[in-house]
Amino acid sequence: MMQPPDSPPSSEQQLMLRASALAGLTLGELADWAGVAVPQDFRREKGWTGQLIERWLGAEAGSRPEQDFPELGIELKTVPIDALGKPLETTYVCFAPLTGIAGQRWEQSNVRHKLARVLWLPVEGSRDIPPGQRRVGAPVLWSPNTDELLLLQQDWEELMDMISLGQVEQITARVGQVLQLRPKAANGKALTQAIGSHGQPIQTRPRGFYLRKNFTQNILLQHLYLSENPLA
DNA sequence: CCTTGATCATTT
DNA sequence: AAATGATCAAGG
């Protein structure tokens, strides 16, 4: 039986070694060995899988607005996949700034920084598989290529333009080719300040940036054909 | 309230 | 069946 590390990985290689060691194991095994109870479902513990994987890779717990491995400049994302390897959910990236965004540039945006380097860890997520029996897949270390970067930048600029023009209430999840903007809060009562259609301050639900499923799927698929040893 | 970890539940 | 909009928990 394995045991979770007690310190962050000292190198990218060590991180990948840790992640690769999880491939093929079930969430039940990882939970047992870490002394964590497995929930019947995720209705009341939606972040359970991500937090379990964080422990096994030695990420610092917490809600700091930073990368999971700041020393390595790497962000960790677990992604639920179906039997065919397709993402079952969009991927949350970060909150969207709704005020004080004049002159904000893509190059220095939170989205750009978060996605600079991501360690994707696919996990079986079909609801007909009990959480404890769901298997962890092989890790994929990814940085956006030129095409992906351009798509992300185009979407980010379109969304941020709408926000700065006071059109945040008109933004639906349909806007954006690969990046979308959706509510992100504890509930519908949470409100934050934004810009209204006449430039006046308004109260609206906080929003977050999410990656569409197809975009994430292409990342995982590319590695299937283009990486040296995708199954290692 | 904000940010982290995301999935749920209803609509389309 | 897929996508959108809503929601749950914990740390700060």
Side-chain angles (χ1 to χ4, degrees), chain A residues 4 8 19 27 30-31 34 36-70 74-101 109-111 113-115 118-132 134 136-137 155 159 168-194 201-217:
Chain A
L27 296 181
L30 295 178
V36 175
V38 183
Q40 289 301 306
D41 56 62
F42 294 143
R43 273 182 298 185
R44 302 197 71 81
E45 293 183 68
K46 300 182 178 181
W48 187 85
T49 302
Q51 288 164 357
L52 178 66
I53 298 300
E54 279 184 347
R55 287 180 63 149
W56 277 96
L57 295 182
E60 301 295 339
S63 55
R64 299 161 295 105
E66 301 172 25
Q67 290 155 315
D68 294 287
F69 304 99
I74 295 176
E75 171 76 9
L76 171 67
K77 290 293 180 192
T78 63
V79 49
I81 55 170
D82 67 13
L84 300 178
K86 299 174 60 170
L88 283 163
E89 297 289 347
T90 56
T91 301
Y92 171 70
V93 180
C94 61
F95 263 88
L98 301 182
T99 59
I101 51 184
S109 70
N110 213 221
V111 174
H113 287 305
K114 283 275 174 140
L115 299 182
V118 178
L119 179 61
W120 298 94
L121 210 54
V123 177
E124 287 182 323
S126 299
R127 292 203 207 176
D128 55 7
I129 309 175
R134 298 184 188 180
V136 178
D155 288 347
L159 290 165
V168 64
E169 301 283 25
Q170 279 71 57
I171 299 176
T172 70
R174 297 167 187 81
V175 177
Q177 312 162 83
V178 299
L179 197 65
Q180 60 181 179
L181 195 77
R182 308 214 311 273
K184 168 69 170 169
N187 54 58
K189 295 170 188 164
L191 294 174
T192 190
Q193 194 176 98
I202 61 169
Q203 292 293 113
T204 190
R205 282 145 51 255
R207 307 298 212 281
F209 287 110
Y210 294 79
L211 295 177
R212 293 186 182 280
K213 294 180 194 177
N214 284 349
F215 185 75
T216 306
Q217 180 179 8

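Note on naming: letters A, B, ... go to the chains in the order of the sequence lines (proteins, then strands), and numbering restarts at 1 for each one. Please read these numbers as outputs of a predicted model, since none were measured by experiment.
Distance A/Lys189 NZ to B/dC2 C1': 19 Å, rounded to the nearest Å. Residue A/Glu60 contributes atom CD, which lies 12 Å from atom P of C/dG12 at whole-angstrom precision. Across the protein-nucleic acid pair, A/Asp128 atom CG and C/dA1 atom P stand 12 Å apart, rounded to whole Å. A/Arg207 has its CZ atom 12 Å from the C1' atom of C/dT4, to the nearest Å. Atom CZ in A/Arg182 sits roughly 16 Å away from atom P in C/dC8 (whole-Å rounding). In this structure, A/Leu88 atom CG and C/dA1 atom C1' are separated by 12 Å, rounded to whole Å. As a whole-Å value, the separation of A/Leu191 CG from B/dC2 P is 9 Å. The distance from atom CG of A/Asn187 to atom C1' of B/dC1 is 12 Å, rounded to the nearest whole Å.
Residue contacts shown for A/Ala190 are absent, as no nucleic acid heavy atom lies under 4.0 Å away. Residue-level contact check: A/Gln67 touches neither bases nor backbone, having no heavy atom under 4.0 Å from any strand. A/Asp41 comes within contact range of no nucleotide atom at all, as no heavy-atom separation falls under 4.0 Å.
Between A/Leu27 and A/Val136 the shortest side-chain heavy-atom distance falls below 4.5 Å. A heavy-atom distance below 4.5 Å is found between the side chains of A/Asp68 and A/Glu54.
At a cut-off of 3.5 angstrom, the base of C/dA3 holds no donor-acceptor pair with the side chain of A/Tyr210.
Of all heavy-atom pairs spanning A/Gln193 and A/Pro201, the tightest one is CD-CB, 3.9 Å.
Residues A/Lys46 and A/Lys86 both approach DNA chain C. Their nearest nucleotides, taken by heavy-atom distance, put A/Lys86 toward the 5′ side. The nearest heavy atom of DNA chain C to A/Gly47 and to A/Ala173 marks one nucleotide each, and the one closer to the 5' end goes with A/Ala173. Of the two residues near DNA chain B, A/Gln51 and A/Glu89, the one whose nearest nucleotide lies more 5' is A/Gln51.
Distances shown here put every side-chain N or O of A/Lys184 at or beyond 4.0 Å from the OP1 or OP2 atom of B/dG5. Note on A/Arg127: a side-chain N or O is less than 4.0 Å away from OP1 or OP2 of B/dC8. Between A/Thr192 and B/dC2 there is a side-chain polar atom (N or O) within less than 4.0 angstrom of OP1 or OP2. Applying the 4.0 Å criterion to OP1 and OP2 of B/dC8, one finds that A/Arg44 has every side-chain N and O outside that range. An OP1 or OP2 oxygen of B/dA6 is reached within less than 4.0 angstrom by no side-chain nitrogen or oxygen of A/Thr49. Contact annotation: A/Tyr92 does not reach the phosphate of B/dG5 (side-chain N/O to OP1 or OP2, under 4.0 Å).
A donor-acceptor contact shorter than 3.5 Å is absent between the side chain of A/Trp48 and the backbone of A/Pro39.
Across B/dT7, B/dT4, B/dG5, the shortest atom-to-atom separation from the side chain of A/Phe95 is found for B/dT4.
Donor-acceptor pairing under 3.5 Å is recorded for the side chains of A/Arg182 and A/Thr90.
The pair A/Lys46-A/Glu89 does not count as a salt bridge, with every side-chain nitrogen at least 4.0 angstrom from each carboxylate oxygen.
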